[in-house]
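Below, chain A is the first sequence line, B the second, and so on; all start at residue 1.
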Number of protein chains: 2
Amino acid sequence: MTIVQLEYLLAVDTHKSFARAAESCFVTQPTLSMQIKKVEKELNVLIFDRSKKPVLTTDIGRQIIDQARIALQETSRIKELIQHQKNEIKGELRIGIIPTLSPYLLPLFITKFMQQYPDVNLVIEEALSHTIIHKLNNDLIDVGILVTPLNNRSIIEIPLFYEIFKVYFSTSHPLNKKETIDISELNINDMWLLKEGHCFRSQAVNICGENGSVNTNQLKFESGSLETLRRIVEKQHGYTFMPELATLDFNKEQKKYLREFSNPQPVREVSLIIHRGYMKRKLIDLLKQEIVSNIPKELLNKNRGQLVNID
Amino acid sequence: MTIVQLEYLLAVDTHKSFARAAESCFVTQPTLSMQIKKVEKELNVLIFDRSKKPVLTTDIGRQIIDQARIALQETSRIKELIQHQKNEIKGELRIGIIPTLSPYLLPLFITKFMQQYPDVNLVIEEALSHTIIHKLNNDLIDVGILVTPLNNRSIIEIPLFYEIFKVYFSTSHPLNKKETIDISELNINDMWLLKEGHCFRSQAVNICGENGSVNTNQLKFESGSLETLRRIVEKQHGYTFMPELATLDFNKEQKKYLREFSNPQPVREVSLIIHRGYMKRKLIDLLKQEIVSNIPKELLNKNRGQLVNID
DNA sequence: CAATTGTCATAGCTAAAGTTTATTATTTTC
DNA sequence: GAAAATAATAAACTTTAGCTATGACAATTG
């Protein structure tokens, strides 16, 4: 006996016709007929008298349907329960998020979150990691979204996902011809980097390691936005790193610039962070859940690549 | 959301362990884990906190499980309802049944019927068709089980199933060598028959038609029981008809004597009969249902062979 | 009274869901 | 710190819900 089967019973009862009942359940008539016959067989009773037109319930069928209605009512109360408790979640949630995540991660979950918890007011601010940590310690924000591990005793890290580093080459660059890129082929001096202070920058530097420690660049420009770097690479020469989430909605043209590292690919760990001793833990759990269930699920695999150090 | 999933939730809650819960539900642990994860995804909430050992319910999980318990309670009341009403069916049911059905058909449903309706007292008597009809007309029995059609205006026939005629040959008989038998190959004079008055006898005669109208038999013996005929065929010479139900639990040895007719096979229609204007129709319906659901289902197919006349 | 229409049942097929075994990642325990 | 216990994951397998097409039957209509 299944919930769906009980729903079919009610439908036939209300519509006095198998065909119309099926329609109202958005299935075909044979499907509904079979399922009803299955309940009847399982319970070993006739629920409908098909010889009467329009179909009538048998004596016991009447009782069964009435009880089924009650059972379904109680079942649906489970969902109401959840909706109700979601509406009870209210208050303000102040989030700090780093610029290399903000434009790509927020759109993935923010609308859904606000629908789920209409009485929660979000205050989101974009800031660099050290600012976020500072504000967290002074209770100026409730939670941070940034790259870990931080090795900070006063902060609790709640890992969310693992994001792969990719490389974005100008078409003129020789490495653009290759399918996958090896880390040893990169030279930090050919790269366009974010300004000092971005963890994405330090990680880029760490990935390249010692390759090309002598700066021979004619032009030195360090941007505050990945989008700027991407456009520079497209129009000019050189390359830059791209975090995976930034590449999700790349069009065909943009994918021509994009290359992956050979295995193991470098990844960064993205976490929620809260201050040790922070109280409103429940809302944070819901935030985590909402983020995790709205990003591509391959990002959840902790072992998809090699974690890159931050400093 | 399914009933089974809700049961899994309750199981984990009571056993505080996925593995033990699975065992109690007679499924494997991954099965249960996945189903629970599915509910959680559908409802978009975490029900269990797996980080705690032993597993604990979350806040909302607690509420969900309590509500699920109520819902399942109401669902199971459907079955109780049926059991209850079956116990309310009481009274006496007097059944007349012909000897060529009685020993084979009754064992198939009688025990189950008595379990299902413990307060119904059955009075069963074996009698020939004409006796059954007579007793029905004089309200000495409530229902008859015999072979139809009867063409009797005072009687309502409720068809139950369609039983194939088979042939039982002594091993010495030349037709025993053949895979299937053609009706034209039979001679009524070689056959062992039941006594006059059995509808099975008239049907046997009708099947054979005109074949061998001159009786040349040295011995003339007509029995009141198919079992007697069967033993005679086994030990002596000749052949006799066997109704399908009589052959169901034949052993390997006995099947060597058994042959089927070539298509279309002759069949007899077995029905419940009641007197027109009979009142206790409900109990009859239940009897029909019980018989129909306890015989091999191929017997329900009306078009499995050629109906044989009775007189 | 034959033809049409409306109704539910049946059969064969496909796609999805449920289950299993085998394996892995983690945590607990001694 | 090794062994045991626990739950998650993966891949193969089985079952089932649902679909289309068709059939049987009854009521209605021309």
Open item on the list: Tell me whether B:Arg77 at atom CZ has more than 12 heavy atoms from other residues, nucleotides or ligands lying less than 6.0 Å away.
Closed with: no
Task: More than 12 heavy atoms of other groups within 6.0 Å of A:Lys288 NZ - done: no
Task: Near-strand residues of residues 7-28 of chain A, defined as heavy-atom separation under 4.0 angstrom from DNA chain C - done: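 Hits under 4.0 Å, by residue number: A:Ser17, A:Phe18, A:Ala19, A:Arg20.
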By side-chain hydrogen bond (donor to acceptor under 3.5 Å, both in side chains) - contacts of [X] (at least two apart):
| X | result |
| --- | --- |
| A:Glu290 | none |
| A:Glu269 | A:Thr148, A:Tyr162 |
| B:Glu74 | A:Gln67 |
| B:Ser33 | B:Gln29 |

Starting from [atom2] on [N], measure out to [atom1] on [X] and report it in whole angstrom.
| X | N | atom1 | atom2 | value |
| --- | --- | --- | --- | --- |
| B:Asp49 | C:dT26 | CG | P | 17 Å |
| A:Leu300 | C:dA25 | CG | C1' | 15 Å |
| B:Met34 | C:dT21 | CE | P | 15 Å |
| A:Leu32 | C:dA9 | CG | P | 9 Å |
| A:Phe48 | C:dA9 | CZ | P | 10 Å |
| A:Lys38 | C:dA9 | NZ | P | 15 Å |

Base, sugar-phosphate or nothing for [X]? Non-hydrogen atoms, less than 4.0 Å.
| X | value |
| --- | --- |
| A:Thr31 | base |
| B:Pro30 | base |
| B:Gln35 | sugar-phosphate |
| B:Val4 | nothing |

Open item on the list: It should be established whether A:Arg50 places a side-chain nitrogen or oxygen under 4.0 Å from OP1 or OP2 of nucleotide C:dT7.
Closed with: no
Task: B:Gln289 side, atom CD; B:Asn294 side, atom CG - distance, nearest 0.5 Å - done: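 Between B:Gln289 CD and B:Asn294 CG, I get 10.0 Å after rounding to 0.5 Å.
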Open item on the list: Measuring from atom CD1 of B:Ile207 to atom CD of B:Gln265, what distance do you get when rounded to the nearest 0.5 angstrom?
Closed with: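 Separation between the atoms: 10.5 Å.
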Open item on the list: Can you work out whether B:Ser33 or A:Gln5 has the more 5'-proximal nearest nucleotide on DNA chain D?
Closed with: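 Closest to the 5' end, via its nearest nucleotide, is B:Ser33.
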- [ ] Would you indicate whether the side-chain heavy atoms of B:Leu10 and B:Ile65 approach each other to under 4.5 Å?
- [x]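 Sidechains of B:Leu10 and B:Ile65: in contact.
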TODO: Identify the 5'-most and 3'-most nucleotides of DNA chain D with at least one atom closer than 4.0 Å to a non-hydrogen atom of chain A.
DONE: D:dT16 to D:dA21
